[in-house]
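To start, the structure itself, in structure tokens.
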Amino acid sequence: MNGNISLKLLKKSLCTTTVHFKEQPLSPPLTSLQCGTILQSLTNTKSFPKGQKLHSLMVTSGNLLNNTYLSTKLAAFYANCGRMAQARVIFDGILLKNSFLWNFMIRGYACNECSLKALVLYREMLSFGQKADNFTYPFVLKACGDLLLVETGRRVHSEVVVSGLESDIYVANALLAMYSKFGDMGLARMLFDRMLERDLISWNTMISGYVKNGNPRKALEVFEKMGKAELKADGTTLLGILSACAELMALKLGKEIHAYVVRKSGEIRNEFLTNSLIEMYCNCKSLAYSRRLFDGVKLKDTVSWNSMIRGYEQNGDAFESLRLFCRMVMEGAEVDEVTIITILGACDQISALQFGMSVHSCLVKKGFGANIIVGTALIDMYSKCGSLSCSRRVFEEIPRKNLVSWSAMISGYGAHGQGEEAISCYHELVANNFTPDEGVLTSVLSACSHAGLVNEGKHIFNRMTIEYNVKPRLAHYSCLVDLLGRAGHVHEAYELIKTMEVKPSSDIWAALLSACRLHKNVKLAEVSAQKVFEMNPKGVGSYICLSNIYASEKRWDDVERVRAMVRSKGLKKPPGCSFVEVDKMVHRFLVGDKSHPQTHDVYAKLKELNLRLKEAGYKPDTTSVFYDVEEEVREKMLWDHSERLAIAFALINTGPGTTIRITKNLRVCNDCHTVTKMISELMNREIIMRDIHRFHHFRHGFCSCGDYW
DNA sequence: CTAGGGTTAG
């Protein structure tokens, strides 16, 4: 029988069964050539267990002794399987290392999260006198990129130039990828434009580079040019473009890509594409499209679930998001950190504290507790659900805090009106040798504005550029305008807007408008309202704010004029809506809601409360009602505000002394604020209420905001 | 032996 056939048989047995091979040692022994061929095929298929067996066979039969050729192949095999420790043992035993071996080892390290070792080995290679070649550089550059070693990367780049390999397409593409990881798209673009030859990978690298660096428009531009260059998009291209569409909410293009994917489903296969489409539709607020795709996916992976769950969460449907999460768990899909982060986000929207706490214990069991993003999401969840002490505890337990976790903690204090704590947390951060970034500064400035800490806020604002080299951006100006305006310095706020270095946004004018409502400055209110209407004609909140101002001045003609504007634009005021959690169930009440099963009891409770409050001296403050109607009607219009329904419901369904937590989608009105203070005293309950801006802690007839909000 | 690939907190 000739040797070729037995070799084929052996190959076959290795590829199909492993038991057979182990039980029947091969005889006669394999030649080195045979071993080499088999190893090669095992390397290509990454058949680790089989290769390991062949390895032991080669050791016992002496094939490896003094055989550099086979040893090299074997090291390459282990490296390709990502078994770098084993590869290294063999590598170290080889005296005559050729470039193939060096390259394979560097690649192994670079592709298996040992980028630093890849770089060390690269330097070793050079000092051994082995020259780097076109196979070496791509992985060295990848390692530099992954480690974000900008200086090292540049040095390797210059070595590439010296070696004359800059025009090698693999090397050139690796350079593009490296600079895009560094965030230097300008340089990447320059290299890309200078390339004499570009392939699909070059284009894809540029597209995904622009997307990852927050420049989706440029990504689309490159995509368009790519079409002109008559290059056909593949799955990777489309992934990048879909991300860009999602980012830009470019539904039309997204749909075209979708159609293209369906049309080319024979040629373009990419397991990620459907998830990417789901994500794109979610971002474009087309939940129905997403859901249809999602429901059609037979084998939903974690990412499909995550994207869909997040879609609902981001589009304000926290309930559907939580329902889907429960389904995910029941169907046995694997929950990961991203799922948890998303679900915690859904919990904060509706203040589902108890649900959030059970997610907390679940994530600890799963071992996600050490993930800093999860930790930060927890801080946020607890503070948004009204439990700042839990936030602090989670915060303390994060061993290596980053700026985002600090920022979340500071924001938490801010939202709860604890300005002093926010500032001391900020000082703590500085004392821990962190340099505040934009986000941290926004959080602390916002905390100052909630607590009315005018001098502290101004001080931080004035020093941020000098001390931390952070130029004030819109968010910072917005906080400062809010801070000044709320504290009654509306003219100073106005001056600030007029002199600020960035173009004021509609939000900034809206902050001033809101301050004008608080301090009854009709003239300036009209100026700022005009600006908001120009810049954000669909923002219904500002029309309401202005008409509230007129209503409080009893200028009913003006109220009607503004209301007519709202009508003519076809805008609708979102109905007031409050959430309250009882026994792990979150209940939702709309203004005037009569749909809840316990409606009857709730309204009876409200009636009883109304009487008792009046006995206690309550006088309704009807200035928040902006209809020109009889006083009695106006009073009634206050009484079915959603937060009151929620409070009444909670009073009925929870034991004496239980803290009540309410979350409202709009700002709490003056009268509700007064009523809640009184209820907290009368019923001896702590009521924690979150409105669209901040928290109010009501206890014994007082609110933590000190009526400053 | 080579380069590029979707979801995550303020």
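Numbers restart at 1 for each chain; the letters A, B, ... are given by sequence-line order, proteins then strands.
For the pair Q130(A) CD and dC1(B) P, the computed distance is 17 Å after rounding to whole Å. Here the P atom of nucleotide dT2(B) and the CG atom of N103(A) are 11 Å apart, to the nearest Å. Atom P of nucleotide dA3(B) and atom CG of N134(A) are separated by 12 Å, given to the nearest angstrom. Atom OH in Y170(A) sits roughly 8 Å away from atom C1' in dA3(B) (whole-Å rounding). For the pair M226(A) CE and dG4(B) C1', the computed distance is 11 Å after rounding to whole Å. For the pair L277(A) CG and dT7(B) P, the computed distance is 13 Å after rounding to whole Å. Distance E334(A) CD to dT7(B) P: 18 Å, rounded to the nearest Å. Going from atom CH2 of W203(A) over to atom C1' of dG5(B) covers 18 Å, rounded to whole Å.
Between the side chain of R690(A) and the backbone N or O of I350(A) there is no donor-acceptor pair closer than 3.5 Å.
Looking at heavy-atom distances under 4.0 Å, D348(A) makes no contact with the nucleic acid at all. If you check every strand for non-hydrogen atoms under 4.0 Å, N98(A) touches nothing. In this structure, Y137(A) reaches neither bases nor backbone, as no heavy-atom distance under 4.0 Å exists between it and the strands shown. Contacts of D234(A) with the nucleic acid, taken as non-hydrogen atoms under 4.0 Å apart, include base atoms. Counting any heavy atom pair closer than 4.0 Å across all strands shown, K73(A) reaches no nucleic acid atom. Looking at heavy-atom distances under 4.0 Å, L403(A) makes contact with a base. Residue contacts shown for N44(A) are absent, as no nucleic acid heavy atom lies under 4.0 Å away. D199(A) comes within contact range of at least one nucleobase, with a heavy-atom separation under 4.0 Å. Residue A177(A) is classed as a sugar-phosphate contact, given heavy-atom separations below 4.0 Å to backbone atoms only.
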Practice prompt. Just do the side chain to side chain contact (heavy atoms under 4.5 Å, CB included) check on L353(A) and M357(A) with the steps written out, would you?
Written response: CA-CA 6 Å; L353(A) 178 62; M357(A) 288 174 102; 4.1 Å; yes

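Exactly one of Y78(A), F77(A), F48(A) qualifies for a ring-ring contact (aromatic ring centres under 6.0 Å, His included) with H55(A). That residue is Y78(A).
The listed nucleotides are dT2(B), dG4(B), dT7(B); the one nearest the side chain of E279(A) is dT7(B). The nucleotide whose nearest atom lies closest to any side-chain atom of S243(A) is, among dA9(B), dA3(B), dT7(B), dT7(B). Among the nucleotides dA9(B), dC1(B), dG10(B), the one closest to any side-chain atom of R107(A) is dC1(B). The side chain of K181(A) sits closest to dG4(B) out of dG6(B), dG4(B), dA3(B). Residue T376(A) places its side chain closer to dA9(B) than to any other of dG6(B), dA3(B), dA9(B). Side-chain proximity of R310(A) to the nucleotides dG10(B), dG6(B), dA9(B) is greatest for dA9(B). Nearest to the side chain of V303(A), among dG4(B), dG10(B), dG6(B), sits dG6(B). In this structure, of dG6(B), dC1(B), dT2(B), it is dG6(B) that holds the atom nearest to the side chain of F272(A). The side chain of K212(A) lies closest to dG4(B) when the candidates are dT7(B), dG4(B), dT2(B). Distance from the side chain of D380(A) is smallest to dA9(B) among dT2(B), dA9(B), dG5(B).
Between M185(A) and M206(A), the closest side-chain pair of non-hydrogen atoms falls below 4.5 Å. By the 4.5 Å heavy-atom criterion applied to side chains, R327(A) and W305(A) are counted as neighbours.
Using a 4.0 Å cut-off between charged nitrogen and carboxylate oxygen, E396(A) and R392(A) count as a salt-bridge pair. Contact check on R291(A) versus E320(A) returns a salt bridge, with a Lys/Arg side-chain nitrogen under 4.0 Å from an Asp/Glu carboxylate oxygen.
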